[in-house]
Structures are given as C-alpha cells and as structure tokens.
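In listed order, ligands and their atoms are each counted from 1.
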Amino acid sequence: MSIYVTRSSMPDYEEYIEEIKPIFESHHLTNMGPIYKKLQHQLMAYLGVPQLSMFVNGHLALETVIQAMGLKDSEGEVITTPFTFVSTTHAITRNGLKPVFCDIKPDDYTMDPAKIEALITDKTVAIVPVHVYGTLCDVEAIEAIAKKHGLKVIYDAAHAFGVKYKGVGVGNFGDAAMFSFHATKVFNTIEGGAIAFSDETLRKSLHSLKNFGIKDEECIDEVGGNAKMDEFRAAMGICNLRNIEACIAARGAAAARYNERLSGVKGIQLMKTQADVQPNYAYYAVLFDAEQFGESRDAVYDRLKANDIYARKYFYPAVNEMDCYDNTNETPVAARISRQVLTLPMYADLTEADVDRICDVILERK
Ligand SMILES: *Cc1c(COP(=O)(O)O)cnc(C)c1O
C-alpha cells in the first residue's frame with residue numbers, strides 16, 4: 001500500500017452530517033453565521049488567544065493581515081525567511097512589499113535572530129518569521145529586535161497549531177499570527193485559516209477587509225477582498241477539534257518511533273526537541289548529509305518512491321531560489337538545508353508498522 005507524506009484527519013461521516021444539519025434549516029451558508037461563531041470561540045479557548053478572525057484559507061489570512069496593518073502603502077521592506085512554503089513570501093509581495101531574506105539557524109531551521117539587524121534599513125516595516133514544521137522561532141529575541149526598531153512582527157504559524165511555549169499559546173507572539181487549517185495541516189477545516197491577535201482596531205479591520213471593505217449597507221471605506229470562512233468548513237472544524245488531542249498524541253507516537261529508529265545513524269540529523277515547548281509534531285523533517293550517510297537526499301527520496309513511499313522535499317528549492325523571486329542576499333544555511341532535507345510521512349493514522357517500513361527502506365542504503 002502507498003504511504004503518502006500526509007493524510008487528512010476526518011471525523012465520522014455521521015458526526016459531520018449532524019453538524020451541518022442546522023444549515024439545511026436556516027439556509028445560513030456563510031457570512032459569519034452561528035457555526036462560524038461557535039468554532040471561533042472554541043478555537044480561541046483551545047489556542048488560548050484573545051481574538052481570532054477566521055478565513056477561507058491561511059494564505060488570504062496572511063495577505064489580509066498585512067494589508068490591515070497598513071503596511072501595503074509604504075512600499076517598504078519585510079524581513080522574512082526563505083525556508084518556508086511560497087505562500088509566506090507571496091503574501092508579502094502581493095501587498096506591494098519587498099521580501100528581504102534572512103538566513104535560518106542550522107539546528108532548528110527558523111529565522112536566525114543574529115542575522116536580522118544587518119538587514120534592517122530605513123525602509124523596513126515588518127518581520128515575518130515562520131514557525132517552520134511547528135518549531136517555535138526565537139520569539140523573545142525577535143520581539144526585542146522589533147521593539148528596538150519599531151517594527152511589526154507577523155508570525156506565519158501555519159504549521160504551529162496547538163504549540164505552546166511556557167504554557168502560552170503560540171498565537172500570542174508578535175502583533176499577529178496566522179494559522180492554516182488546510183487539509184494537510186494538523187487541524188483542518190478542509191481549506192481554512194485564521195489570524196490570532198489582540199488589538200481591537202485590527203479586529204474591525206480584518207472583519208471589513210475579508211468582506212469587501214463593507215462597514216455597513218451604505219458605507220464601504222476600504223478596498224477589501226473576499227476571504228470569509230463559510231459554515232460548512234466551520235462545521236468540519238468543530239468535528240475535527242473534538243479529536244485534536246488524540247491526533248496530536250498519535251503524531252507524537254509516530255515521531256517517537258522515527259526517533260527510535262533513526263537517532264544515532266551517521267549522516268542523519270533529526271529535529272531538535274525544544275525546551276519549554278509543547279510540540280504538535282506537524283512534520284517529521286530529516287537532513288541527510290550525503291557524504292556521511294553515503295547517499296544523497298535525492299537518492300533516498302527516489303528509493304522511498306520506488307517502494308511506494310512518498311516523502312516530500314519541504315522546503316526545496318528555498319524561496320529565494322525560485323524563478324519568481326530574485327534576491328541577491330545569500331542565505332547559505334537555507335540553501336544547504338533545502339538540499340539535505342526530506343519530510344517523512346507524518347499523520348495521525350500513521351502506524352508503527354508504517355514507520356518501521358519507511359525506516360527499513362531508509363536504512364537499507366547501499
Ligand atoms: C500551508 C501554508 C500556508 C498557506 O496556508 P493555506 O491555508 O494553504 O492557504 C502558509 N504558510 C505556510 C508555511 C504553510 O505551510
């Protein structure tokens with residue numbers, strides 16, 4: 001049987017049908033209806049955040065919060081990481097802002113705070129770091145730099161649903177944090193996303209900008225888009241949230257089995273466990289040092305594929321190596337890691353036998 005890199009978590013069919021039944025009576029399909037509000041409150045409690053605005057997907061949530069912060073008009077620069085999914089960089093660029101790429105740390109692959117200040121110019125308006133693979137960025141160092149230079153911080157927390165640092169939900173760091181609820185993420189609403197924040201002005205602005213800039217029936221005072229989460233997606237979220245603890249625990253068990261099988265193998269670097277962080281095991285990323293392991297990342301990828309196992313090269317190429325971005329600022333750590341990394345299959349239904357089958361293939365290198 002094929003093993004793919006991920007498999008979406010889904011509730012029982014009957015459970016979902018039960019949740020969407022009221023929609024067929026009310027005919028209230030979208031526009032922040034009762035199911036939207038129910039999920040919003042459940043998520044605020046689960047994530048431990050004071051405010052949450054839900055969107056049709058994570059990408060538009062990020063694009064919209066950048067616009068809502070008024071950064072769009074400044075033609076400024078935004079310091080971000082090249083080691084991410086393109087969505088992060090696209091959201092900056094589609095707001096008319098220029099991404100400036102900051103290199104990452106070789107041990108946990110998040111933005112290296114020691115390299116941020118050298119990139120700050122009088123045009124810099126914000127920092128957009130990514131909690132890549134659910135690994136927490138150095139939030140304290142980044143906050144200190146942002147304060148010192150008067151910059152906004154918007155976290156791409158697409159991978160970090162449910163992650164906590166010293167008991168504080170990850171959505172509380174920075175001026176805002178974006179979560180993705182895409183089918184492939186730890187928690188899904190089929191497609192979906194949200195912005196966590198605390199500022200009241202931002203609440204009004206996000207509400208308006210995801211609904212065409214409509215203030216009321218006769219007043220439209222901003223050029224907004226359409227990015228509202230509908231009732232059917234919210235219902236999926238309510239069902240999936242019921243199982244989230246079990247899903248994360250199952251991912252944790254799979255990660256533990258991978259660790260058992262792969263730790264101490266020459267030429268393989270595993271993800272670091274972080275002190276004071278409650279992880280969500282969103283991804284299981286492994287680096288292959290071709291010389292020491294005796295085989296390149298690409299060769300391992302091909303061999304897994306030949307065995308009907310589909311790992312992914314997340315994130316290769318690094319964003320600043322993509323055709324639509326040209327950047328002269330070199331990020332050698334990101335360049336190296338993007339060539340060595342393989343994200344192995346990771347999802348709640350992945351069994352110990354699956355992990356063993358994957359590890360057997362990896363370890364039978366010639
Ligand atoms: C998935 C993802 C996004 C975009 O989220 P969607 O909900 O798919 O629009 C943004 N950033 C990162 C790092 C992601 O992995």
- request: Give the intermediate values and the outcome of salt bridge (charged side-chain N to carboxylate O under 4.0 Å, His left out) for residues E19 and R242.
  value: CA-CA 12 Å; E19 213 57 51; R242 285 187 195 122; 2.8 Å; yes
Results of salt bridge (charged side-chain N to carboxylate O under 4.0 Å, His left out) for D349 - residues two or more places apart only: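 If we apply the salt bridge (charged side-chain N to carboxylate O under 4.0 Å, His left out) test to D349, skipping adjacent residues, the hits are R7.
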- request: Answer yes or no: are there more than 12 heavy-atom neighbours, outside E291 itself, under 6.0 Å from its atom CD?
  value: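 Count not over threshold, so no.
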message: My understanding is that only residues two or more places apart in sequence, or in another chain, count here; which of them pass side-chain contact (heavy atoms from CB on, under 4.5 Å) with S296?
response: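 Listed in chain order: A290, D298, A299.
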Do any side-chain atoms of residues 159-170 form donor-acceptor pairs under 3.5 angstrom with protein atoms, and if so which ones, sequence neighbours left out?
residue : atom : partner : partner atom : Å
H159    : ND1  : Y133    : N            : 2.8
Y165    : OH   : E140    : OE1          : 3.3
Y165    : OH   : E140    : OE2          : 3.2

query: If you count only heavy atoms, which residues are under 4.0 Å from ligand 1?
result: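 Its neighbours under 4.0 Å (heavy atoms only) are N57, G58, H59, T84, F85, S87, T88, D156, A158, H159, M178, S180, H182, K185, G192, given by chain and number.
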query: Hey, would you say the H182 and F187 ring centroids sit under 6.0 Å apart?
result: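 They do not qualify: ring centres at least 6.0 Å apart.
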